[in-house]
Amino acid sequence: MTAELVRGQNHPLSETRLEVRVSAGTPVVALAATGDENGRVAGSAGVAHPGAPVLPGLEVPRQAAADHRLAVDLDALPEAVHRVSVLLTLPGGGRGPARFGAVAAPFVAVTGLDGTELVSYTLTGLDAESAVIALELYRRQGAWKVRAVGQGYSGGLAELLTDQGLSQARGLADAVEAAVSRGLARSVAAPPPRAADGGRSRQATAPAPGAAPGDPAGSPAATGPVPAPSGPSYGDRAPGAPAQPPHVDGAPPQPAGQDGGTTPRPAAASRPAAPTGGPVDYSHPRRRTAAPPPPAPAAPRAAPDPPATPVAGDATGWSMEERLYNQVWGMFEDLARTTAAYRSAVDFADARREKELDQVLSDPRSRLSGQGDAAREAARVRHTELVDRARDALDRDLAQLTAESEVVEPALPPAYAGWDSPVWHGYRVPMEIPMAVRLGDLCLPEAPSLRIPMLVRLPLERGLWIDSGRSGRSGGAFTDEAEARRSAMEAAVAHAARLLAVYPAGEFGVHVIDPAGSAAETLAPLVRTGVLATPPAPGAAGVADVLGRLTQRVDLVQMAVRAGAPDSLPQDLDTAEQLLIVNDFPHGFDDRAVTRLRYLADEGPAVGVHLMVVADREDAAAYGPLLDPLWRSLMRLTPVPDDHLADPWVGHAWTYEPPLVPPGSQVVERVLTRVAAARRDWNR
């Protein structure tokens with residue numbers, strides 16, 4: 001059964017020799033771009049277009065047309081190719097509409113060589129765009145999938161190719177346009193106007209049907225331009241083989257039959273000579289006058305291969321750490337896309353049901369008769385069918401992602417692993433800074449049990465804000481203010497312990513400001529193990545002292561970097577990365593301290609000073625909009641699950657879960673004890 005995709009949805013491919021069929025309401029140009037593991041296109045040589053239509057395993061049409069067939073052999077693609085993007089663009093030169101919104105939505109289908117449709121996608125929602133990425137075939141864990149993209153570009157083909165990473169995008173777009181123009185110039189012109197006698201005087205010298213233009217025997221047999229081929233099919237030639245040689249008369253080959261292939265026209269010497277008298281046979285040489293024979297029964301299709309077994313670290317990268325990082329983010333992208341496709345499908349089903357019900361209710365006769373009840377029931381059945389199909393596709397993708405998560409999670413290194421992972425039992429202080437650190441988990445309501453690690457690159461580019469407020473908590477997570485603040489500080493200690501654990505000895509220091517001393521119990525693991533650079537600073541004097549020292553460090557490092565003289569820094573300056581934890585902000589802060597804190601938030605990350613603020617924003621409401629830039633510069637995290645993290649990619653509201661330590665576990669103190677011992681050895 002054909003899978004009808006919506007934007008963002010993907011589907012596995014059960015065959016490797018395919019055709020991509022394009023149907024549009026106006027002539028379009030079809031291209032294909034091949035990309036590597038990261039989707040980067042290897043220059044102009046990685047794009048098949050009318051000027052260079054053949055690449056290994058890939059062939060595209062040579063001309064603009066309303067219908068196309070692109071030939072793809074996934075097994076014949078080079079090993080470096082992991083993605084094939086099908087691109088559509090409107091030809092320029094005023095030969096048609098300037099935007100896709102002015103014509104019917106293009107339709108794209110992926111079929112087998114026998115014509116069996118595997119997936120289809122209608123590119124709805126286009127408006128001012130004149131170029132679009134229709135779909136992409138991509139390799140995932142050794143298996144090929146197809147994804148409906150539908151990403152349009154109002155800037156045309158040049159903008160699309162630039163977004164694909166091509167530095168010479170404008171030159172390639174011009175070359176495509178020139179190739180399309182040459183193809184149109186080679187088309188057979190319309191016949192000359194009929195003579196006054198209606199052309200009867202030329203019957204004796206009319207050419208034989210099918211004679212090509214330029215033959216001495218006569219004029220074109222067609223009554224209009226020869227249509228451009230809609231795209232070659234494989235036939236007996238594997239993709240990547242040389243195309244048919246050009247014809248001596250310069251005209252393109254004519255389509256033959258319904259197989260989409262092309263048949264070269266016979267040379268002039270092999271054509272029948274024009275008759276010199278007698279009746280002329282005006283029948284088309286390839287037009288059938290009898291019903292075609294019934295098609296041969298198609299061979300039974302093989303069952304699709306089962307999904308590939310997930311393997312930890314199968315993404316790209318120079319090291320296992322980098323491969324796991326890329327794999328985790330690949331899982332995040334897959335979950336985002338498949339959920340977006342499901343939500344889009346449900347929205348479509350809801351809108352369709354409402355439209356059908358409105359049509360039923362708009363007719364008074366149907367509202368009062370059994371016909372209306374039948375129409376409502378039919379609308380309900382169609383809605384249920386669409387939603388069930390979307391849910392089946394979502395469940396299939398979620399099952400694959402869950403299986404991958406079960407393999408990846410145990411293989412994660414300490415920087416990426418949760419506190420409940422066995423990897424912490426054999427923890428050793430690392431010798432190098434990792435690529436990223438895990439700051440929690442992310443999940444979506446459609447799959448609450450599937451959690452994707454939230455990995456953030458190191459060094460931190462933004463400060464962290466642990467929200468200790470009670471407002472907005474679902475289900476009344478906190479009963480009083482003290483409990484909310486305690487939970488927020490516990491989350492801050494867990495984050496600080498993880499950062500200390502993933503940095504080499506002596507390359508990360510932690511400072512704490514606790515003006516009222518309210519976090520003494522929560523800070524006990526950091527104080528007992530001796531990992532703090534200085535004891536927690538109490539009172540307004542402590543706030544001013546810590547902020548003054550860190551502000552001075554930022555100033556000195558900035559001046560040394562700008563002057564190009566890092567050796568001029570004082571010998572006693574600690575050049576390690578620094579983390580400042582501020583509890584109960586803005587308690588104990590005057591206007592000068594607030595200004596210094598904002599300065600550290602803005603300028604600190606670039607020179608190795610990072611900020612973690614534990615606060616309730618309502619407590620700082622007295623400052624008004626003065627602190628708005630501070631809150632915007634920090635990444636807001638919560639001590640309890642909350643659906644506030646929105647990715648800019650598809651706009652999902654992800655539920656964030658903090659990396660809390662399992663109840664009763666001593667893993668944090670054991671890890672911090674080893675960090676403190678490694679620091680003492682490093683200072684000797």
Side-chain angles (χ1 to χ4, degrees), residues 312-313 315 317-332 405 408-424 426-443 451-466 488 490-511 525-526 531-533 576-581 604-606 608-614 634-639 645 647 654 656-662 667-668 670-672 674-675 678-679:
W318 294 101
S319 63
M320 177 58 73
E321 178 191 9
E322 184 178 1
R323 292 197 294 271
L324 287 170
Y325 174 85
N326 292 333
Q327 186 172 11
V328 167
W329 276 104
M331 295 164 58
F332 174 84
S405 177
V408 171
E409 188 70 39
L412 295 177
Y416 301 171
W419 284 117
D420 56 349
S421 173
V423 72
W424 291 106
Y427 166 77
R428 294 182 180 180
V429 178
M431 301 298 293
E432 296 180 354
I433 301 175
M435 287 183 57
V437 65
R438 184 172 185 166
L439 293 185
D441 295 335
L442 298 173
C443 63
R451 292 173 171 82
I452 307 297
M454 178 181 169
L455 303 182
V456 179
R457 294 296 295 264
L458 291 178
L460 296 175
E461 296 180 357
R462 300 174 59 189
L464 305 178
W465 167 29
I466 313 299
E490 287 178 353
V493 170
H495 287 305
R498 179 174 293 270
L499 289 169
L500 284 165
V502 301
Y503 271 86
E507 295 194 19
F508 195 82
V510 177
H511 308 262
L526 299 178
V531 295
L532 292 179
E577 301 275 326
Q578 306 292 323
L579 174 67
L580 172 61
I581 303 177
V609 176
H610 311 286
L611 193 61
M612 184 186 298
V613 178
V614 181
L634 303 175
M635 178 187 297
R636 176 179 175 264
L637 304 177
T638 65
L645 283 178
D647 65 88
W654 292 81
Y656 167 78
E657 297 186 2
L660 298 181
V661 181
V667 61
V668 170
R670 288 197 300 266
V671 168
L672 292 179
R674 295 180 184 179
V675 170
R679 176 179 294 179

Does E507 reach the main-chain N or O of Y503 with its side chain, forming a donor-acceptor pair under 3.5 Å?
-> no

So do V408 and M331 actually touch side chain to side chain, heavy atoms under 4.5 Å?
-> yes

What pair of heavy atoms forms the shortest contact from G509 to R679, and how long is it?
-> CA-NH2, 4.3 Å

Which residue pairs pass the side chain to side chain donor-acceptor pair (under 3.5 Å) test with at least one member in residues 408-423, sequence neighbours excluded?
-> E321-Y416, E409-R438

The reported gap from CG in L324 to OG in S319 (rounded to nearest 0.5 angstrom) is 8.5 Å

Measure across P525 and L672 and return the closest heavy-atom pair with its distance rounded to 0.1 Å.
-> O-CD1, 3.9 Å

Does some side-chain heavy atom of V609 sit less than 4.5 Å from a side-chain heavy atom of L580?
-> no

Identify the two heavy atoms, one from A315 and one from N326, that lie closest to each other, and give their separation to 0.1 Å.
-> CB-CB, 3.8 Å

CG (L460) and CE (M635) are apart, to the nearest 0.5 Å, by 8.0 Å

From F332 CZ over to M454 CE, what is the distance, rounded to the nearest 0.5 angstrom?
-> 9.0 Å

Inter-residue atom distance L579.CG - L499.CG, 0.5 Å rounding | 6.0 Å

Are side-chain heavy atoms of I452 and D441 found at a separation under 4.5 Å?
-> no

Check: S405 and R451 side chains under 4.5 Å, non-hydrogen atoms = no

Any side-chain heavy atom of Y656 sitting closer than 4.5 Å to one from L442?
-> yes

Evaluate the side-chain contact (heavy atoms from CB on, under 4.5 Å) criterion for residues I466 and V613: first the C-alpha distance (whole Å), next the side-chain angles of each, then the deciding distance (0.1 Å), finally the verdict.
-> CA-CA 6 Å; I466 313 299; V613 178; over 6 Å; no

Ignoring hydrogens and angles, tell me if any N or O in the side chain of Q327 forms a donor-acceptor pair with the backbone of G313 under 3.5 Å.
-> yes

For the pair R674 (side chain) and Y427 (backbone), establish whether a donor and an acceptor sit closer than 3.5 Å, ignoring hydrogens and angles.
-> yes

What are the two closest non-hydrogen atoms of V328 and P453, and how far apart are they?
-> CG1-O, 3.7 Å

4.5 Å side-chain heavy-atom contact, V502 and L458 | yes

Check the pair L412 / V423 against side-chain contact (heavy atoms from CB on, under 4.5 Å), numbers first and verdict last.
-> CA-CA 8 Å; L412 295 177; V423 72; over 6 Å; no

Compute whether any side-chain donor of one residue and acceptor of the other, for Q578 and H610, lie under 3.5 angstrom apart.
-> no

Could you state the interatomic distance from CD (E577) to CD1 (I433), rounded to the nearest 0.5 Å?
-> 6.0 Å

Between R462 and L634, is there a donor-acceptor pair closer than 3.5 Å when you use the side chain of the first and the backbone of the second?
-> yes

Heavy-atom check, side chain of L464 versus side chain of R636, under 4.5 Å | no

Ignoring hydrogens and angles, tell me if any N or O in the side chain of R498 forms a donor-acceptor pair with the backbone of P659 under 3.5 Å.
-> no

For A436 and A415, the nearest pair of non-hydrogen atoms, with its separation, is O-CB, 3.5 Å

Minimum heavy-atom separation for P639 to P658, with atom names?
-> O-CG, 3.2 Å

Just how far is it from atom CH2 of W654 to atom CG of L645, taken to the nearest 0.5 Å?
-> 10.5 Å

Report yes or no: is the cationic atom of R457 (NZ for Lys, CZ for Arg) under 6.0 Å from the centre of the six-membered ring of Y325, at an angle within 45° of the ring normal?
-> yes

